[in-house]
Amino acid sequence: ASDVYKRQVLKYCIFIQYYYSMKNLNLQNIDPILKKLDEAIDKKSAKRMLAFEYFNNNMNELSIYLNSCDYYLDSTLNLIEPKVQLEFRF
């Protein structure tokens, strides 16, 4: 039982160290282009604005940059149509 208790204490200590190290991460090193694109509601307009601001209005260079950052932007929404309309009787 002593070894089991020691392993549990060790796991707990590792968890505490991980929690505090992740809590203290400095998030100021985030790429401003990716940050602006993530915060944007209208992604197409945001991409045009970023291309104008950072890449001399060249959308191809922006696409190359986003691909090099492994940033995936889905410009289409796949909305699912409901099969049945809910109706309430009052």
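Residues take their numbers from the sequence shown, with the count starting at 1.
Nearest heavy atoms, Asn60 versus Asn58: N-OD1, 3.0 Å. Across every non-hydrogen atom of Arg48 and Asn57, the tightest pair is O-OD1, 4.3 Å. Here the closest heavy-atom approach between residue Leu66 and residue Leu34 is recorded as CD2-CD2, 3.6 Å. Across all their heavy atoms, Leu37 and Ala46 have their closest contact at CD1-CB, 3.9 Å.
Taking CG of Leu50 as the start and CZ of Phe55 as the end, the distance is 8.0 Å to the nearest 0.5 Å. Annotation: the span from Ile64 atom CD1 to Met59 atom CE amounts to 12.0 Å, rounded to 0.5 Å. Rounding to the nearest 0.5 Å gives a distance of 13.5 Å between CZ of Phe52 and CG of Leu62.
Test Lys36, Glu61, Met49 against Tyr54 for side chain to side chain contact (heavy atoms under 4.5 Å, CB included) and you get one pass: Lys36.
Counting heavy-atom neighbours within 6.0 Å of Asn56 CG, excluding the residue itself, gives a total of 12 or less.
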